[in-house]
Amino acid sequence: METITIRLDFPYDFERVLERLSMDPLISLNNDERYVMVPTEDRKIYKVEAIGTTDEPIFNIVGPKDEKKIRKIKEIFHFDRSLEPVHEHFATTNLSSIFEEHRGTPIIREFSLYATLMKSIIHQQLNLSFAHTLTTRFVHTFGEQVEGVWIYPEPALVGKLQVEDLRELQFSTRKAEYVIGVSNAIASGELNLESLALLDDEKIIETLVNYRGIGPWTAGSFLLFGLGRPNLFPLADIGLQNALKKLWGVADKPKAAEISSHFPEWSPYLSYASLYLWRSIEQDSFRNRYVSFNAPNDTII
DNA sequence: GACCAGGATTGCT
DNA sequence: AGCAATCATGGT
């Protein structure tokens, strides 16, 4: 065990990070003590704890001594890239208000690439509340806990499940087929997410959408939250459509063409535009729903 | 009880 | 190529 202390030279609001991560009941965190528990791909657990402020961000990473994993955690928490250029970019755009409002909100990646894909598929078209119910059932039933932290099951295990196993958790038949099918492709080695990660955005999307159950939204979500790519805007996302509807004060959700006409203005940081737009509506629905502590066993107190 | 949810696929024009 | 139906169920 060792503790590594990191100081950032750009604004970083960990309170907002915790607020956002609190939406997922599978993540072990403590809002008051300002920490998140992070499982690595090989089941080691790290604690990431904020001990500074938004304008003087300082963090402790506590866990097994391992340089590669520390680097991975820095990537997950966006410690390795400044948010300064992002804020500078959006200050002169039509999204400046939400970037001021949520200043210092980083893209936090999912803790594993496979989990990103499973979570995205399971979340397709469902309201966030029920979506989280399903992912929680999925992980509680087939995953496992390490040091109190829930970890998604291995692709090989999920690949061997029957559709009925997931139907019992109230997955639709199709969703069950998607989850099992993609897991099998990964388990067999046909689909290798780590090597996929070396390709550019377009190539990754092109590969992923060949799999039944992965469309443009899920592929975009994988790039954004799995790999932390900076320039993705999932046009199919209802949340983003609603966020723009609210921001622009219009009666109907804007159409894809209308939204994408702003891409030149928002590029090359479309992912941040997405993230900050999501944030702009999350407060409405989640401010009063989740409280400060997700206990390791997942009970919401 | 209708309608929508942080979509994707399938089948029909 | 583009559109409608379909999926399962919770939230509003």
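Order of the sequence lines fixes the chain letters, A, B, ..., with proteins taken first and strands second; residue numbering starts at 1 for each chain. These numbers come from a predicted model, not from an experiment.
Ring pair A/His123/A/His132 is perpendicular by interplanar angle, where above 60° counts as perpendicular and below 30° as parallel.
Here A/Pro234 lies out of heavy-atom contact (under 4.0 Å) with every strand. Among the heavy atoms of the strands lying under 4.0 Å from A/Thr218 are primed sugar atoms or P, OP1, OP2 only; no base atom is included. Nucleic acid contact for A/Tyr211: sugar-phosphate only, since backbone atoms but no base atoms lie under 4.0 Å from a heavy atom of the residue. Note on A/Leu134: nothing from the nucleic acid sits closer than 4.0 angstrom, heavy atoms only. Base engagement by A/Arg20 is indicated by at least one non-hydrogen atom pair under 4.0 Å involving a base atom.
In summary, A/Lys255 and A/Glu258 do not engage in a salt bridge, as defined by a charged side-chain N under 4.0 Å from a carboxylate O. Salt bridge status for A/Asp55 with A/Arg103: present, with a side-chain N to carboxylate O gap under 4.0 Å.
Checked by distance alone, A/Arg212 brings no side-chain donor or acceptor within 3.5 Å of a matching partner on the base of B/dT9.
For A/Arg167 and C/dT9, the CZ to C1' distance is 10 Å, given to the nearest whole Å. The CZ-P distance, from A/Phe171 to C/dG10, rounds to 14 Å in whole Å. Atom CZ in A/Phe222 sits roughly 19 Å away from atom P in B/dG7 (whole-Å rounding). Taking atom CG of residue A/Leu117 and atom P of nucleotide B/dA8, one finds them 11 Å apart after rounding to whole Å. The separation between A/Ile205 atom CD1 and B/dA8 atom P is 11 Å, rounded to whole Å.
Between the C1' atoms of B/dA5 and C/dG2, the separation comes to 24 Å (whole Å).
Remark on DNA chain B: of its neighbouring residues A/Leu275 and A/Val209, the 5'-side contact belongs to A/Leu275, judged by nearest-heavy-atom nucleotide.
For A/Phe130, counting side-chain heavy atoms from C-beta on, the closest listed nucleotide (B/dA8, C/dT9, C/dC7) is C/dT9. Set against C/dG11, B/dT9, C/dT9, the side chain of A/Gln170 has C/dT9 as its closest nucleotide. The A/Tyr178 side chain lies nearest to B/dT9 when the options are C/dG11, B/dT9, B/dG7.
Other cluster members for A/Ile51: A/Ile58, joined by side-chain heavy-atom distances under 4.5 Å among Ile, Leu, Val, Met, Phe, Trp and Tyr.
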Atom pairs under 3.5 Å, N or O on each side, protein against nucleotides 2-5 of chain B: can you list them with distances?
unit_1 : atom_1 : unit_2   : atom_2 : d
B/dA5  : OP1    : A/Asn242 : ND2    : 3.0
B/dA5  : N7     : A/Gln125 : NE2    : 2.8

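Of the residues A/His102, A/His89, A/His87, A/His78, the one that meets the ring-ring contact (aromatic ring centres under 6.0 Å, His included) test with A/Tyr272 is A/His78. Screening A/Tyr46, A/Tyr35, A/Phe77, A/Phe79 for a ring-ring contact (aromatic ring centres under 6.0 Å, His included) with A/Phe59, the sole residue that qualifies is A/Phe79.
For CD of A/Glu265, the number of neighbouring non-hydrogen atoms (other residues, nucleotides, ligands) closer than 6.0 Å is greater than 12.
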